[in-house]
Amino acid sequence: MIHRLAAWAALGAATLLAGCVQTPPLGYDVLAARCPALTAAGPVEASRPIYFVGSNLPDCRGPVPLLTVGRGTPMPYGSPTPYGGPVRYGVATAPTAPKQKQPDLALVAADAWHARLAKDLAASGGRLLLFVHGYNNSPFAALERADLIAAAAHFDGPVVAFVWPSQASLTKYTWDEENARWTQPYADALLADLAGSARDVLLVSHSMGNRIAIDALRALERSSPEAARRIHTMVLADPDIDREMFDRDIAGSLVAPGRSITLYASDHDLPLRSSRVVHGAFRVGDLRCGTKVKGARCYAAPVKGMDIVDLSDVSATLLGHADFVEGPAGNADLCRVLNGKAARGREPVAKGDAYLLTAAAATREDCPEGKKRLQP
């Protein structure tokens, strides 16, 4: 009965994903008009910010900027863009106003942003964490997820979130797919920029964001193999990618000497079940096999240098789509992965370098959590 309800839920979600369209918001030129006045010209003074690079259009009508779900190119193609182009640099910090729920944002001139990042990189020994969010994430949700990942790993170096115009709507899955493709060149440029200045880049991506992160890394491998070797750690969380195409075309291209790759997947991931209904093919992060064999799980093809971690038995979230950081066991395992510590609470399964994560992984004396940066 439970499996039947889950199947109906997935089908209903898939219908919503494909079915509704709305007119995009208007007045982009008005929203962007005052942004240059709200861009800091000098150094970034915020303490322990979450850095972001956004291809979203900012809304600068208020005293502080907000990131909208619109693309950063509101004018017709080829028209002048006096508001500063498609990419904005900024920082997010803990809210300062009483009862304020969302973090403060500040847009920053690119040179000032890079100068402050270089300072923080030097203090961290050259280590940096880059997070790429997925479908149905608002800009604030993406920043908070980056903060949660950094806290899970007790990561003290600079944290950068690449924020792209997800529509933050269950009904606009295909819109997000199109915007993910549109934003790819900006993600490629950011990864090349960061890998060119950092000694060690930890690249973490979630859901649809895995497509962006993977394509950015593959582009960097082609353009600058030496810089690509600085991506020492890669986490693919709940990838919304065709499983067969991942096995055939992608997985082997990600492996490199000195690079640790961890793929988190589950057979309780309802959004990826819905994605399978939309696309007609199983997703990498969904371990279901499409058979009636009870308990059967289908993993991505084994690739030496890539660990597949099965979160099915430690699922702790309603949708099963963020257990890698929102569940106690996944959160602790992620901490060990990002800190290069020995795994615990993993049981090998028959297929290649695949492991079943158990509740024992949640014990974390060896890898304590850190403090969130976007909370007072």
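Side-chain atoms are counted along with the backbone in the values below, which use heavy atoms only and exclude waters and symmetry mates.
Minimum interatomic distance between Gly157 and Ser124 (heavy atoms only, all atoms of both residues): CA-CB, 3.7 Å. Among all heavy-atom pairs drawn from Asp353 and Met306, the shortest one is CB-O, 3.5 Å. When every heavy atom of Trp164 is checked against every heavy atom of Asp176, the shortest pair comes out as CZ3-O, 3.4 Å. Closest non-hydrogen pair, Thr317 versus Gly320, comes out as OG1-N, 3.1 Å. The two residues Leu130 and Leu190 have their closest heavy-atom pair at CD1-CD2, 4.0 Å. Scanning both residues, Leu143 and Leu374, for their nearest heavy atoms gives O-CD1, 3.7 Å.
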query = When you look at Leu236 and Ile261, which way does the side chain to side chain contact (heavy atoms under 4.5 Å, CB included) test go after all the steps?
reply = CA-CA 8 Å; Leu236 310 174; Ile261 305 175; 4.2 Å; yes

query = Yes or no on salt bridge (charged side-chain N to carboxylate O under 4.0 Å, His left out) for Arg276 and Asp269, after CA distance, side-chain angles and deciding distance?
reply = CA-CA 11 Å; Arg276 186 259 172 174; Asp269 195 319; over 6 Å; no

task = In sequence, state the C-alpha distance, the side-chain angles, and the governing distance for Tyr173 and Tyr135, and then conclude on ring pair (Phe, Tyr, Trp, His ring centres under 6.0 Å).
result = CA-CA 7 Å; Tyr173 180 88; Tyr135 149 73; 5.0 Å; yes

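Between Lys172 and Glu178 no salt bridge is recorded (no basic side-chain N to carboxylate O distance below 4.0 Å). One finds a salt bridge joining Glu326 and Arg145 here, because a Lys/Arg side-chain nitrogen approaches an Asp/Glu carboxylate oxygen to under 4.0 Å.
Put simply, the side chain of Arg283 never gets that close to the backbone of Asp286: no donor and acceptor are under 3.5 Å apart. Judged by distance alone, the side chain of Gln184 and the main-chain N or O of Ile212 form a donor-acceptor pair under 3.5 Å. At distances below 3.5 Å, at least one donor-acceptor pair connects side-chain atoms of Gln167 with backbone N or O atoms of Val69. For Arg273 (side chain) and Asp267 (main-chain N/O), a donor-acceptor pair under 3.5 Å exists by modelled atom type. A distance-only check finds no donor-acceptor pair linking the side chain of Arg88 to the backbone of Val53 [under 3.5 Å]. The main-chain N or O of Asn137 is found under 3.5 Å from a side-chain atom of Ser166 such that the two form a donor-acceptor pair.
Under the 4.5 Å side-chain criterion, counting only non-hydrogen atoms from C-beta, Ile231 is in contact with Leu191. No side-chain heavy atom of Arg230 sits under 4.5 Å from any side-chain heavy atom of Arg259. Between Phe324 and Ile149 there is a side-chain heavy-atom pair separated by less than 4.5 Å. For the pair Arg218/Leu254, a side-chain contact is recorded, criterion being any heavy-atom separation below 4.5 Å from C-beta on.
Side-chain polar atoms of Asp59 and Thr68 form no donor-acceptor pair below 3.5 angstrom. Checking Asp240 against His206 by side-chain atom types alone, no donor-acceptor pair falls below 3.5 Å. If you check the side chains of Thr262 and Asp307, you find no donor sitting under 3.5 Å from an acceptor. Residues Ser205 and Asn210 bring a donor and an acceptor atom of their side chains to less than 3.5 Å of each other. Residues Asp333 and Tyr264 have side chains that bring a donor and an acceptor to within less than 3.5 angstrom of each other. In this structure, a donor-acceptor pair under 3.5 Å is present between the side chains of Asp104 and Thr96. Judged purely by distance below 3.5 Å, without hydrogens or angles, the side chains of Arg71 and Asn56 never pair a donor atom with an acceptor atom. When only modelled atom types and interatomic distance are considered, Glu144 and His133 share no side-chain donor-acceptor pair under 3.5 Å. Side-chain contact check for Thr183 and Ser55: at least one donor-acceptor pair (N or O, by modelled atom type) lies under 3.5 Å.
Applying the side chain to side chain donor-acceptor pair (under 3.5 Å) rule to Ser47 yields no partners; only residues at least two apart in sequence or on another chain are considered. Under the rule for a side chain to side chain donor-acceptor pair (under 3.5 Å), the partners of Asp120 that lie at least two apart in sequence or sit in another chain are Tyr51, Arg116.
Separation of the His268 and His321 ring centroids does not fall under the 6.0 Å cut-off.
When the shell of 6.0 Å around CD of Glu244 is examined, it contains 12 or fewer heavy atoms from other residues, nucleotides or ligands.
Sorted by first and then second residue, the pairs that involve residues 194-289 and meet disulfide (SG to SG under 2.5 Å), not counting sequence neighbours, are Cys289-Cys298.
Exactly one of Phe162, Tyr186, Trp113, Phe52 qualifies for a ring-ring contact (aromatic ring centres under 6.0 Å, His included) with Tyr89. That residue is Trp113.
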